[in-house]
Amino acid sequence: RKLRDETRDEFARHVAATKARREAKARRKREAKAIKRRVKAAAKADAAQQQRSTITATGVVKNTLAGSSSNSNDRGEEEEEAETPHDAPYDGCVSLPLGGTPTMRTAAAAPPVVSGPSSSASSSSSSTPSRKDPSRRSTPLDVTADPRDASRRVPVIEREHVWAVYDAIAAQWHGTRYKAWPRVAAFARSVSAPGALVGDVGCGNGKNAADICAGGAFCVACDVSRNLLDIAEREARSRGLDDRYECLVADATALPWRSDLLDAALSIAVLHHVSTPDRRRQAVAEVLRVLKPGGGRALFYAWAKDQAGGGRSGHVFAASDVLVPFHLRTHGEYWPDDDAENDDARRLPDHAIRDDAKRAMVLQRYCHVFEEGELRDLVRDAATDAACEVRVDDVYYDEGNWAVVATKLASECRRETWNQKPGSSNRTPPREVQTPPR
């Protein structure tokens, strides 16, 4: 009995010592990672400072950041703003080096000097507008060709300010935008029929999936954000829709589906993230191409420039092309734990800067906001590129967005002839099919 007690005590001491060693090792690893992150942050700050000095020396026009308040066409971001004061000590500007790819910088304590055509305020003004002013919530942007885009299919501004941003904010985005808009849900249910095939282009976190599949339809969805698609797949499984819902990574301007395939399609809040007129036209043409002729229906939503008619944010846009800030919280349930497995989830775009007052990282989303009638004209013009006959059934304003409902009546050519760029006049004519003699 004495030997047994001694053995038990010795074993307990061994377990305690082992546990202490493991905890010490884990603590050292965390400290090493923290030091590494601080070193990387310092190096990044030095590089940014050097770049700002170079840009300033070459005389690049600087546009004042129109506000650090987060703005969105969905419910939820306004709630985020209510939690923290608008007078946070974040003030920045966007520099446009050689053709429109913005780089963010933190400004000095004094208000920056406004210059260039994108400024909406007079440089002789003696006072700085309040950050609660809706017109200060976005940055006017002059989108011009970037020399780096010549070797890339997707413009740099979309990769940095759309694709990378949504991958970084996916978890928080889903936390505040999990319910479909009523009129979008109504359209989705109207096209959902047993055996129907419906496409959701730019599906995001899959919030339209339940309504699309409600009537027995199958949904094929795509988005450029892998992290949002992971959420969409998880939500579909939780609703028991995994056998009727499929999603994949794809660009809206090059859909991976054959022509004349879908009974209906949705493109909700996608087009305002496409940076050039040709690419916006191509994105609409791709949706029309994959629709079935003779009744295939499509619904397009794009953020409206005029938010006074019912927009949730009450935003006042100073230009059609803007950068809209999003505050990614670095605390709480949406921020991953501090361990190596979540390093990818915390990966942020290069332009992200910290707002210590709100305990958040400020990321800039690119948006092209639409004038009245612009989306309708875009759909009509894209029908020419898709070589199909389209009828515009309805145009309306909803949730701060312009919306268009269109029906594909006929298709004039197949995918094989759709090999020219949008707007090109020298499109290859349809190939003649030789019918063998009977």
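All residue numbers in this chain count up from 1 along the given sequence. What you see below is based on every heavy atom in this structure, not just the backbone, and it leaves out hydrogens, waters and symmetry mates.
- Looking at heavy atoms from C-beta onward, His273 lies out of side-chain contact with Trp303 at the 4.5 angstrom threshold.
- By the 4.0 Å N-to-carboxylate-O rule, Arg279 lies close enough to Glu158 to be salt-bridged with it.
- With contacts defined as side-chain heavy-atom distances shorter than 4.5 Å, the pair Phe326/Met361 does not qualify.
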Decide yes or no on side-chain contact (heavy atoms from CB on, under 4.5 Å) for Asp260 and Lys408, but give the supporting numbers first. CA-CA 10 Å; Asp260 307 334; Lys408 182 176 179 180; 2.8 Å; yes

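- Judged by distance alone, with hydrogens and angles left aside, the side-chain atoms of Asn208 form no donor-acceptor pair with the main-chain N or O of Gly206 at under 3.5 Å.
- No side-chain heavy atom of Val362 sits less than 4.5 Å from a side-chain heavy atom of Arg354.
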Between Asp385 and Gln282, is the side-chain contact (heavy atoms from CB on, under 4.5 Å) condition met? List the steps. CA-CA 8 Å; Asp385 295 335; Gln282 185 176 353; over 6 Å; no

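- Under the 4.5 Å side-chain criterion, counting only non-hydrogen atoms from C-beta, Leu409 is in contact with Thr407.
- Under the 4.5 Å side-chain criterion, counting only non-hydrogen atoms from C-beta, Val198 is not in contact with Ser192.
- Separating the CD1 atom in Ile169 from the NE2 atom in His174 is a distance of 13.5 Å, to the nearest 0.5 Å.
- Counting only N and O atoms by type, the side chains of Tyr245 and Arg239 include no donor and acceptor under 3.5 Å apart.
- With Trp402 as the fixed residue, the ring pair (Phe, Tyr, Trp, His ring centres under 6.0 Å) test singles out one of Tyr397, Phe300, Phe370: Tyr397.
- In this model, no donor atom of one side chain and acceptor atom of the other lie less than 3.5 Å apart for Asp223 and Ser225.
- Side-chain atoms of Ser259 and Arg289 form a donor-acceptor pair, as typed in the model, at a separation below 3.5 Å.
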Take Ser320 and Lys305 through the side-chain contact (heavy atoms from CB on, under 4.5 Å) test and state the conclusion after the steps. CA-CA 7 Å; Ser320 293; Lys305 186 175 182 180; 3.8 Å; yes

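- The ring of His272 has its center no closer than 6.0 angstrom to the ring center of Tyr366.
- Considering all non-hydrogen atoms of both residues, Leu363 and Ala168 come closest at CD2-CB, 3.9 Å.
- Here the CZ-CG distance, from Arg281 to Asp377, works out to 11.0 Å after rounding to the nearest 0.5 Å.
- The number of heavy-atom neighbours closer than 6.0 Å to NZ of Lys44, taken from other residues, nucleotides and ligands shown, is above 12.
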side-chain contact (heavy atoms from CB on, under 4.5 Å) for Arg365 and Val162? Distances and angles first, verdict last. CA-CA 6 Å; Arg365 292 182 296 150; Val162 181; over 6 Å; no

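- Checking side-chain atoms of Arg297 against main-chain N and O of Ala264 turns up no donor-acceptor pair under 3.5 Å.
- Of all non-hydrogen atoms in Cys388 and Leu288, the two that sit nearest each other are SG-CB, 4.0 Å.
- Contact of the Asp200 side chain with the Val220 side chain is not registered, since no non-hydrogen atoms from C-beta on lie closer than 4.5 Å.
- Heavy atoms only, all atoms of each residue included: Leu323 and Pro325 are closest at O-CD, 3.8 Å.
- Note that CG of Leu328 is 12.0 Å distant from CG of Asp355, once rounded to the nearest 0.5 Å.
- If you look at Trp181 and Phe187, their ring centroids are not closer than 6.0 Å.
- Of the charged side-chain nitrogens involved, at least one lies within less than 4.0 Å of a carboxylate oxygen, so that Arg226 and Glu233 count as a salt-bridged pair.
- Annotation: the span from Leu262 atom CG to Cys219 atom SG amounts to 9.5 Å, rounded to 0.5 Å.
- Not a single donor-acceptor pair under 3.5 Å links the side chain of Glu286 to the backbone N or O of Ala252.
- Considering only heavy atoms from C-beta on, Arg329 stays 4.5 Å or farther from Arg359 through its side chain.
- To the nearest 0.5 Å, atom CG of residue Asn205 and atom OH of residue Tyr166 are 11.0 Å apart.
- Heavy atoms only, all atoms of each residue included: Arg280 and Val274 are closest at NH1-O, 2.8 Å.
- A donor-acceptor pair under 3.5 Å links the side-chain atoms of His351 to the main chain of Gln364, judged by distance alone.
- Judged by distance alone, with hydrogens and angles left aside, the side-chain atoms of Asp263 form a donor-acceptor pair with the main-chain N or O of Leu197 at under 3.5 Å.
- Side chains of Trp257 and Leu248 form a contact here, defined as non-hydrogen atoms less than 4.5 Å apart.
- Annotation for Gly204 and Ala232: closest pair O-CB, 3.8 Å, computed over non-hydrogen atoms.
- Residue Ile268 holds its CD1 atom at 11.5 Å from CZ of Arg183, rounded to the nearest 0.5 Å.
- Side-chain atoms of Gln307 do not come within 3.5 Å of backbone N or O of Phe317 as any donor-acceptor pair.
- With respect to Leu271, the side-chain contact (heavy atoms from CB on, under 4.5 Å) criterion is satisfied by exactly one of Val287, Val284, Val404: Val284.
- Between the side chain of Asp251 and the backbone N or O of Thr253 there is at least one donor-acceptor pair closer than 3.5 Å.
- Put simply, the side chain of Glu160 gets close to the backbone of Asp350: a donor and an acceptor are under 3.5 Å apart.
- Side chain of Glu374 to main chain of Glu371: a donor-acceptor pair is present (N/O by atom type, distance under 3.5 Å, no hydrogens or angles).
- Using a cut-off of 4.0 Å between Lys/Arg side-chain N and Asp/Glu carboxylate O, Arg189 and Asp211 are scored as salt-bridged.
- Closest approach of Val324 to Cys367, counting heavy atoms only: CG2-SG, 4.3 Å.
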